[in-house]
Each structure stands twice: as C-alpha cells, then as structure tokens.
**Student:** 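Supplied in structure tokens, the structure appears directly below.
Just so we're on the same page: letters track the sequence lines, and every chain starts at 1. Worth knowing before you read on, the calculation uses all heavy atoms, side chains too, and leaves out hydrogens, waters and symmetry mates.
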2 protein chains.
Amino acid sequence: MNKEKNFQGYLHDKGLKSTRQRDDIASYFLQQDKHFTVEELYNEIKKSDPQIGYATVYRTLKLLVDAELAVECQFSDGLTRFEPVHKGKHHDHLICLKCGKIIEFENDKIEQLQLEVAREQNFELTNHKCVLYGYCSRCKE
Amino acid sequence: MNKEKNFQGYLHDKGLKSTRQRDDIASYFLQQDKHFTVEELYNEIKKSDPQIGYATVYRTLKLLVDAELAVECQFSDGLTRFEPVHKGKHHDHLICLKCGKIIEFENDKIEQLQLEVAREQNFELTNHKCVLYGYCSRCKE
DNA sequence: AACGAAATTGATATTCATTATCAATATGAG
DNA sequence: CTCATATTGATAATGAATATCAATTTCGTT
Ligand SMILES: [Mn+2]
Ligand SMILES: [Mn+2]
Ligand SMILES: [Zn+2]
Ligand SMILES: [Zn+2]
C-alpha cells in the first residue's frame, strides 16, 4: 500500500530502521480511520504481538506524525489522540461533549479565511486546529 | 469593578464563600490581559501572599472558568494556560512555533461559517477553539 | 553469508502537570 | 456569637509522557 511505502521511505531517508514492531504498528494504524488513544492502539497491537512495548507505540506514533502520516489531536478530554492522514486531506472536528462523538468536516471557506487572517498578521502559517464543541443531534434532545 | 462583582455573585449563587485568597487571585487575574500558566499566576500571587497554596490557584482558576470569567487555552506546548474574558468578547489565536508569541484575532466570517457547519451536522454548538500555528513576522525571516 | 556499528526494543524509572486527601482554619447565615 | 459547612495549604497520589539502559535486531559492508 502507498502509505506504508511512504513510511518505509521516511525511515530510510532518516537513516532509521524498519523493524517488525514499527511496521506492524504503522500498518495497522494507517489502515484504520479512527482517532486512536495511545492505549487503544497499544491494546490493538498487543493482540497480534503480545510482547509489544508501550514505549514503542509512543515512539512509532511520533515517527508517523513526523512523516506526516498521522496528526495529533487534542480534544478537551485530556487525552491525546492520533489519526492517520488519508490522502493528504485536511479536515477539522466537531466534538460532542456528552457522548464523545467525533464528526469530521471540511470547509474551504474557513480555510481561506484562516489564510487571510495569517496574511494580515504577517504570519507564515504551517497548520491549524479548529475544534467545535457542543452536543450532537442525539445528545442535544 | 464589574467582573469582580460577577465573581462575587457567582460564588454566592453557588453557595460558595468569598475568601481573601480567592478574591486576591480573581482580582489580580481579571485585571490582566495575559495567557497565564498556573505557575505564572501562582508566582505573581505569591508576591503579595507568600502563603498562597498552589492548589488554591488551580481551584480558583477552575471557578473562574466555570463562572465564564476565564477560558482555558491549550496551545501545542504542553502547558495549559488561562486568560481572562474581557467584555465577553470572543477571539481566537495565532501561535508562533518559534518564539511562542500569541496573537489574538477576531473574524466574524469564520464564526458564522462555524455556526453553519454545526447546523449542517445538527450540532448544538457551545464553544470552539481555533488555533493557527506558524511563524510570526519576526521569526519567519 | 557473516560481521559489527548503530539503531531499536521493552522493562522500568523518572518527570511533571494536575487531582485527591485531610487536618486545621475561616466564612457567613441565622 | 455560634456552628455547620466550606476552604485552605501541605502533601500524597495519579496518570500521561519521556528518559534510561542492557539486551537484541537491523542492514550496509565485507
Ligand atoms: Mn479526524
Ligand atoms: Mn487570547
Ligand atoms: Zn453526543
Ligand atoms: Zn515568533
């Protein structure tokens, strides 16, 4: 698959080594479409590799972020989550404060206006996080 | 001052007590226009009240957030910051990844589009955080 | 295929921010 | 003023994330 090739390339370019653990973690993670807690991913990986170390999962996620194959998300529940980057497509999030539901959205107008704001401030924009909090259709009743 | 009255009213309405420590912390904090780390605020308060406890600063900030007189900010440096809410005016932030500079901005169009996004998803919006990361005019060179 | 320098792993210790605990003290309604 | 209740501040506990390090693995080079 393409993204796994990207990861192999990334490792090679950085002089890092391809290992069974890294490859398993990356392979599993990149195929999913979830917002993983480190613990969630650790528990998944442990099913096929009971020996996997917690630290290795942390380290591999860090590499994936550096390789731009994952992004870190901080919603306001205190937990850090990671999600795979699919097709380089950016999106932002709506978070339900009751059930924790995560909805993704893309809005080009907002993205454009953000660029404009940055330009006005003479800022060189690298990335952004836009998170909307509230209650989902089911929870607002 | 108005906001301090608000805090007194909040305490009273919640059946909480007004104390020298709370009042000093709130009074100092609400007069400033900064994004305080708990430690930063603690150190400031300690100047006039060397006996102040760290936990009391945490607790008071939590109260101020609940009273909607402060908001919590998470920029990506791992530290939680608090800023006083002035005149109920909402704003978002630009963060310089090099020098840590924090620039505030208001953009009604973005706010409107966010409401629209929420409406499309049948979400009842309560608040949002929009943070733009990059390099400020001085740091981008 | 074997070697060996360098990177990686996983168990564990450590750090650091935040929360919980609790005895002593302060507050404020009646 | 009294007293039930809330608060304080010192400290312990928690929990996520990082650092450490000996043992193991990888991979470019022989
Ligand atoms: Mn997402
Ligand atoms: Mn601000
Ligand atoms: Zn919900
Ligand atoms: Zn800067």
**Student:** Taking atom CD of A/E116 as the centre, does the number of heavy atoms from other residues, nucleotides or ligands within less than 6.0 Å exceed 12?
**Tutor:**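 Check passes, neighbour count above 12.
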**Student:** Side-chain N or O of A/H12 versus OP1/OP2 of D/dC27: is the shortest distance under 4.0 Å?
**Tutor:**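 For A/H12, the contact criterion (side-chain N or O under 4.0 Å from OP1 or OP2 of D/dC27) is not met.
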**Student:** Could you tell me whether a side-chain N or O of A/S137 sits under 3.5 Å from a main-chain N or O of B/N122, the two making a donor and an acceptor?
**Tutor:**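 No; zero donor-acceptor contacts below 3.5 Å.
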**Student:** Roughly, in whole Å, what's the span from CG in B/D23 to P in C/dA26?
**Tutor:**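 Those two atoms, CG and P, are 15 Å apart.
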**Student:** Does either side chain, that of A/H86 or that of A/Q32, offer a donor lying less than 3.5 Å from an acceptor on the other one?
**Tutor:**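 Side chains of A/H86 and A/Q32: no pair found under 3.5 Å.
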**Student:** Which nucleotide in the set C/dA29, D/dA6, C/dT8 lies at the smallest distance from any side-chain heavy atom of B/L16?
**Tutor:**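 So the nucleotide nearest the side chain must be D/dA6.
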**Student:** What is the distance, to the nearest angstrom, from the NZ atom on A/K17 to the P atom on D/dT26?
**Tutor:**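 Those two atoms, NZ and P, are 9 Å apart.
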**Student:** Specify whether B/Y10 and B/F7 have parallel, tilted or perpendicular ring planes, treating 30° as the upper limit for parallel and 60° as the lower limit for perpendicular.
**Tutor:**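 Because their plane-to-plane angle is under 30°, the rings of B/Y10 and B/F7 count as parallel.
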**Student:** Take the protein atom CZ of B/F7 and the nucleotide atom C1' of D/dT7, then report the distance between them rounded to whole Å.
**Tutor:**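 From B/F7 CZ to D/dT7 C1': 12 Å.
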**Student:** Over how many whole Å does the gap from B/F82 atom CZ to C/dA17 atom P extend?
**Tutor:**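 Roughly 13 Å, once rounded to whole Å.
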**Student:** Considering just the side-chain nitrogens and oxygens of A/T19, establish if one lies under 4.0 Å of OP1 or OP2 belonging to C/dT9.
**Tutor:**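 Indeed, a polar side-chain atom of A/T19 lies that close.
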**Student:** Taking the inter-plane angle between the rings of A/F36 and A/F29 on a 0 to 90° scale, is it parallel (under 30°), tilted (30 to 60°) or perpendicular (over 60°)?
**Tutor:**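 A/F36 vs A/F29 ring planes: tilted.
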**Student:** Base, backbone or nothing for each nucleotide of nucleotides 9-23 of chain D, written B, S, -, heavy atoms under 4.0 angstrom, 5' to 3'?
**Tutor:** B------SBB-B---
**Student:** Using OP1 and OP2 only, check whether a side-chain N or O of B/R22 sits under 4.0 Å from D/dT8.
**Tutor:**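 True: B/R22 side-chain N/O within range (under 4.0 Å) of D/dT8 OP1/OP2.
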**Student:** Between atom CD in B/E72 and atom C1' in C/dT19, what is the gap in whole Å?
**Tutor:**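 It works out to 13 Å between those atoms.
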**Student:** Rounded off to whole Å, could you give me the CG-to-C1' distance for the A/L11 and D/dC27 pair?
**Tutor:**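 Answer to the nearest Å: 13 Å.
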**Student:** Check the distance between D/dA6's P and B/D13's CG and give it to me in whole angstrom.
**Tutor:**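 That distance rounds to 16 Å.
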**Student:** Using the rule that two of Ile, Leu, Val, Met, Phe, Trp, Tyr join whenever any of their side-chain heavy atoms come within less than 4.5 Å, decide whether B/V131 and B/I110 are in one cluster.
**Tutor:**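 Different hydrophobic clusters.
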**Student:** Any sub-3.5 Å donor-acceptor pair from B/E111's side-chain atoms to B/D108's backbone N or O?
**Tutor:**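 Side chain of B/E111 to backbone of B/D108: no pair is present.
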